[in-house]
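Working notes, beginning with the structure itself.
Quick caveat: nothing in here was measured; it's all calculated off a predicted structure.
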Amino acid sequence: MELLDANLELKEIQKLQGHTDRVWSLAWNPATSAADVPSVFASCSGDKTVRIWEQSPSTRSWDCKAVLEETHTRTVRSCAWSPSGKLLATASFDATTAIWENVGGDFECVSTLEGHENEVKSVSWNASGSLLVTCGRDKTVWIWEVMPGNEFECIQVLQGHTQDVKMVRWHPTMDILFSCSYDNTIKVWWSEDDDGDWSCVQTLGESNHGHSSTVWSLDFNAKGDKLVTCSDDLTLKIWEADIPRMQSGDGYAPWNHLCTLSGYHDRTIFSVHWSREGIIASGAADDAVRLFAQSKDGSMNGPSYQLLLKKEKAHDMDINSVQWCPGEKRLLASASDDGTIKVWELATLS
């Protein structure tokens with residue numbers, strides 16, 4: 001059945017409270033999405049803490065299993081699990097990124113990465129877990145190599161953005177790096193060979209169908225051949241690249257603009273996330289969550305995306321992060337300035 005034809009609702013499963021300030025970001029642990037493992041996610045906040053939430057197998061409700069505190073001295077802005085789910089990286093306005101390891105259920109800070117001049121805004125692991133990337137208000141992007149014994153070595157500092165870098169993300173299958181910024185652009189970085197330097201191979205800006213204001217967030221579809229970006233200009237944009245060409249070693253294949261979703265948002269879009277089955281969620285400053293899906297009858301100009309549903313008043317204040325659970329379940333978590341996290345289920349109305 002077509003997603004757009006289904007009668008769907010976003011059903012609130014649970015509202016999680018505990019943070020004492022705005023919740024900035026969420027990250028599901030990728031290793032916990034298997035059928036027999038309880039789902040776990042992390043949240044980080046202006047209250048300088050990170051919370052680990054786990055779903056109880058018996059009651060199905062979410063409980064706070066750990067509070068990671070007394071490490072960061074300012075807002076924790078971003079969190080990301082390593083692909084194995086064993087390490088959690090947290091980026092803070094105190095100019096550091098902390099690496100936490102789950103040791104028998106207790107989280108220990110095993111490494112602290114320093115070097116950014118001021119606020120670290122985002123952190124991301126590559127697909128193999130061998131590289132970590134951070135970005136900050138200092139306009140730089142740092143690539144760290146993961147060494148034995150929880151050591152991290154900065155192998156390159158990338159400079160190219162002219163403003164605060166809001167978010168960094170690795171491509172889901174290849175070592176291609178993406179950064180989006182207050183300078184209205186998305187930059188794509190890659191290295192021709194394993195030992196080479198990383199360089200900016202493409203800038204997605206207003207001159208090539210890009211955004212006209214701050215780019216806040218980006219995400220990829222399951223195959224990794226499409227990219228969605230969201231902005232202060234109230235639009236979502238979809239981009240496409242020839243990933244098989246790059247995987248075959250035939251050089252860099254550029255990302256091309258496919259379509260722009262406009263007219264759906266009237267306040268800044270802070271977060272965007274693509275589910276495994278192809279549903280794009282957006283979280284915005286109008287307190288609503290919107291879901292979009294590709295229309296199968298695409299126009300002559302390529303694919304089109306339509307609004308699947310809009311959840312008004314999903315939170316009492318700005319929604320900073322929306323994240324789909326990586327497993328089979330249609331679960332979505334959202335984080336807000338109102339200090340709460342909500343877990344939603346995309347359910348079919350009978």
Side-chain angles (χ1 to χ4, degrees), residues 27 78 80 121-127 133 135 141 158 160-161 165-191 198 200-247 251-262 264-265 269-284 290-295 298 301-306 321-324 326:
S78 171
K121 295 290 182 78
S122 178
V123 59
S124 175
W125 302 82
N126 71 338
V133 62
C135 68
V141 173
L158 306 176
H161 284 293
V165 188
K166 293 292 187 191
M167 188 185 199
V168 277
R169 281 291 302 274
W170 289 101
H171 184 270
T173 61
M174 302 180 67
D175 286 345
I176 314 172
L177 179 59
F178 295 74
S179 56
C180 53
S181 167
Y182 199 71
D183 66 14
N184 310 351
T185 71
I186 298 122
K187 287 190 178 287
V188 190
W189 312 82
W190 97 313
S191 169
W198 297 78
C200 178
V201 286
Q202 193 178 5
T203 299
L204 308 178
E206 200 171 0
S207 61
N208 50 11
H209 307 290
H211 292 287
S212 59
S213 191
T214 302
V215 188
W216 279 94
S217 175
L218 60 92
D219 194 38
F220 301 89
N221 66 344
K223 278 172 63 180
D225 62 346
K226 289 191 177 67
L227 165 72
V228 59
T229 56
C230 69
S231 166
D232 193 39
D233 67 10
L234 314 183
T235 70
L236 301 174
K237 288 180 181 283
I238 313 276
W239 310 80
E240 186 176 42
D242 186 349
I243 296 297
R245 180 181 131 186
M246 283 190 268
Q247 286 168 333
Y252 176 75
W255 291 79
N256 297 305
H257 174 261
L258 268 185
C259 60
T260 297
L261 283 65
S262 58
Y264 296 106
H265 299 80
I269 312 162
F270 291 123
S271 180
V272 63
H273 200 243
W274 217 317
S275 79
R276 285 170 45 153
E277 61 173 328
I279 302 171
I280 298 170
S282 70
R290 290 169 181 79
L291 304 182
F292 299 89
Q294 185 174 342
S295 164
N301 310 326
S304 63
Y305 289 77
Q306 288 174 254
S321 183
V322 284
Q323 295 286 315
W324 291 101

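- W170 is listed as a side-chain neighbour of D175, based on a closest heavy-atom distance under 4.5 Å.
- Looking only at distances, no side-chain donor or acceptor of D183 sits under 3.5 Å from a matching main-chain atom of H161.
- Residue L258 holds its CG atom at 8.5 Å from CD of Q294, rounded to the nearest 0.5 Å.
- The side-chain heavy atoms of L227 and L204, taken from C-beta on, include a pair separated by under 4.5 Å.
- Smallest separation of non-hydrogen atoms from A80 and S124: CB-CA, 4.4 Å.
- Using a 4.5 Å cut-off on side-chain heavy atoms (C-beta onward), W216 and D232 make contact.
- Under the 3.5 Å distance criterion, the side-chain polar atoms of K237 are left unmatched by any main-chain donor or acceptor of H257.
- Annotation: Y305, atom OH; neighbour count of heavy atoms from other residues, nucleotides and ligands within 6.0 Å is above 12.
- With rounding to the nearest 0.5 Å, the separation of NE2 in H171 from CD1 in I243 is 3.5 Å.
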Criterion side-chain contact (heavy atoms from CB on, under 4.5 Å) on L158 and K187, from CA distance to verdict: CA-CA 11 Å; L158 306 176; K187 287 190 178 287; over 6 Å; no
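- Among the candidates W255, W198, W189, W239, the single residue satisfying the ring pair (Phe, Tyr, Trp, His ring centres under 6.0 Å) test with F178 is W255.
- Contact annotation: the side chain of D219 approaches that of R169 to within less than 4.5 Å [non-hydrogen atoms, C-beta and beyond].
- Within the 3.5 Å criterion, the main-chain N or O of D233 finds a donor-acceptor partner in the side chain of S231.
- Not a single side chain to side chain donor-acceptor pair (under 3.5 Å) links S262 to another residue, sequence neighbours left out.
- A donor-acceptor pair is defined here as one N or O able to donate and one able to accept, closer than 3.5 Å; such a pair exists between the side chain of W324 and the backbone of I279.
- Under the 3.5 Å distance criterion, the side-chain polar atoms of S122 are left unmatched by any main-chain donor or acceptor of S78.
- Here the shortest heavy-atom pairing between C135 and V141 reads CB-CG2, 4.1 Å.
- H273 contributes atom NE2, which lies 8.5 Å from atom OG of S217 (distance to the nearest 0.5 angstrom).
- The two residues V165 and S179 make their nearest non-hydrogen contact at CG1-CB, 3.9 Å.
- Remark: L291 CG to S275 OG distance equals 8.5 Å, nearest 0.5 Å.
- The minimum heavy-atom distance between A253 and A241, with the atom names listed, is O-CB, 4.1 Å.
- The nearest pair of heavy atoms linking P254 to Q202 is CA-OE1, 3.4 Å.
- Looking only at side-chain heavy atoms (C-beta outward), C230 and V228 stay at 4.5 Å or farther from each other.
- Here the straight-line distance linking atom OG of S212 with atom CD of E206 works out to 5.0 Å at 0.5 Å rounding.
- In this view, S282 and H265 satisfy the side chain to side chain donor-acceptor pair (under 3.5 Å) rule, not counting sequence neighbours.
- Across T185, T235, N184, a single residue satisfies side chain to side chain donor-acceptor pair (under 3.5 Å) together with H211, and that is T235.
- Using a 4.5 Å heavy-atom threshold, the side chains of I238 and I280 count as touching.
- Of the inter-residue distances, the one linking I186 atom CD1 with T203 atom OG1 reads 9.5 Å to the nearest 0.5 angstrom.
- You'll find the side chain of E240 stays beyond 4.5 Å of the side chain of N256, heavy atoms only.
- Residues M246 and G251 approach most closely at CG-O, 3.3 Å, considering heavy atoms.
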